[in-house]
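Comments concern the structure below.
Because only heavy atoms are used, hydrogens play no part in the values below, and waters and symmetry mates are left out as well, while side chains stay in. Keep in mind that this is a model prediction, so the values were computed, not measured. In this chain, residues are counted from 1 in sequence order.
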Amino acid sequence: MKLILATIIQTLTVLSAIDSADAASTTKVICGGGSSSKKCGALPPKMADKEERYGARCCSPSPFFNSEHKTKNGCTNYAGTITNVYSAGLGTTSVDGLYCPWSLTYAEAELFCSNLGATICTEAEIEGKCAKASGCHLNWEYIWSLDPTTPAPTASPTESPTASPTNAPTDSPTGAPTTSPTDYPTASPIAIDGVRPCGFINYSMQGGQSYTQTYEVDLQGNTGWINIWYYMYQNPDQMRVFYDGQLIYTTGGLVPGEKTIPYYIDGRSNKLYVEMYAPNLGTAWQFKISCL
């Protein structure tokens, strides 16, 4: 009897694991105009494998590139379809530098929306017609809905490290005290191979056609090596970077393509300024400042 019971429990456990795996690899696709729309009569909602390809729309409580503020039917969100940041799977449009998400895997749809600072629209947003957006003609095509098991992003992330760390002592302290400790803590510690640790910096920005725009990057008291990365796509733009009142990098004019520039920040200033100049119609660019 015990053996039979154990076998049943083991079988149920395996079946549960299979169901969980299936759930993780599938999510619902819904007609872009909402299943109640007349145009969607032949396209009822269905479950789809995340490796299949469908359209996508992005939603956010805040505005993003080319988004529309949805206020009808009780909607309060922003929705969008067109992007100026290329990522895998996107299709080109008749306007240079603009792309449509006609045929994406679920992972590609996630990246597409993430690059816009948004997420894939939820089932409720699509069915409530809060995801309808002009462009790309997806109102009568299947589009991905957000997997309900996807963790929601932190609404209000902390802007600085914990002010009061734990008071517990180290589990395994050294056996003997330091023979000659310094009178003061080291102001600028050196890590392995003489590279000073940078800590954490992660600032990114993207945009399209505009004349000179300057972005202030808070270095949050960090020192050490950072990466200055840009991607100008095929339509050339110009970048200049300033630190402590000095020009530390310039593209030397309008340039296309991608490049990463390492730079050492020594703490003389807590701000870095990135100046972007993008005068061409249909252009798109992005940059990121991060620790090396």
Does either side chain, that of [X] or that of [Y], offer a donor lying less than 3.5 Å from an acceptor on the other one?
X	Y	result
Lys129	Ser36	yes
Thr122	Glu125	yes
Glu108	Ser87	no
Tyr54	Glu52	yes
Thr283	Asp237	yes

Is a side-chain donor or acceptor of [X] paired with a backbone partner of [Y] at a separation under 3.5 angstrom?
X	Y	answer
Trp285	Ala278	no
Asp244	Gln246	no
Glu127	Gly34	no
Asn280	Gln209	no
Asn227	Trp229	no

Can you name the ring pair (Phe, Tyr, Trp, His ring centres under 6.0 Å) partners of [X], sequence neighbours left out?
X	value
Tyr231	Tyr233
Phe64	none
Tyr106	Trp144

Qualifying residues under side chain to side chain donor-acceptor pair (under 3.5 Å), relative to Gln234, sequence neighbours excluded:
none
Where do Ile228 and Val241 land on the side-chain contact (heavy atoms from CB on, under 4.5 Å) test, with the steps shown first?
CA-CA 9 Å; Ile228 302 168; Val241 184; 4.1 Å; yes
Other hydrophobic cluster members with Ile143, side-chain heavy atoms of Ile/Leu/Val/Met/Phe/Trp/Tyr under 4.5 Å, chained?
Ile30, Trp102, Ile126, Leu138
If you link I, L, V, M, F, W and Y whenever their side-chain heavy atoms are under 4.5 Å apart, who else ends up in the same group as Phe242?
Leu247, Tyr273
Report whether [X] and [Y] are members of the same hydrophobic cluster (ILVMFWY, side-chain heavy atoms less than 4.5 Å apart, transitive linking).
X	Y	answer
Tyr277	Met239	no
Leu254	Val274	no
Phe65	Leu104	yes
Leu146	Leu111	no

Would a 4.5 Å heavy-atom cut-off, applied to side chains only, mark [X] and [Y] as touching?
X	Y	answer
Ser269	Tyr243	yes
Phe112	Cys58	yes
Lys132	Asn139	yes
Tyr99	Asn84	no
Thr71	Thr76	no

For a side-chain contact (heavy atoms from CB on, under 4.5 Å) check, start with the C-alpha distance between Gln206 and Phe287, then their side-chain angles and the critical distance, and finish with the verdict.
CA-CA 6 Å; Gln206 61 188 27; Phe287 72 81; over 6 Å; no
Give the minimum heavy-atom separation between [X] and [Y], together with the two atoms involved.
X	Y	value
Lys271	Glu216	NZ-OE2, 3.4 Å
Cys59	Ala79	SG-CB, 4.2 Å
Thr81	Ala133	OG1-CB, 3.5 Å
Asn235	Leu281	ND2-O, 3.3 Å

Per the side-chain hydrogen bond (donor to acceptor under 3.5 Å, both in side chains) rule, which among Thr105, Thr27, Asp147 passes with Lys50?
Asp147
Taking atom CE of Met232 and atom CD of Glu258, what is their separation to the nearest 0.5 Å?
10.5 Å
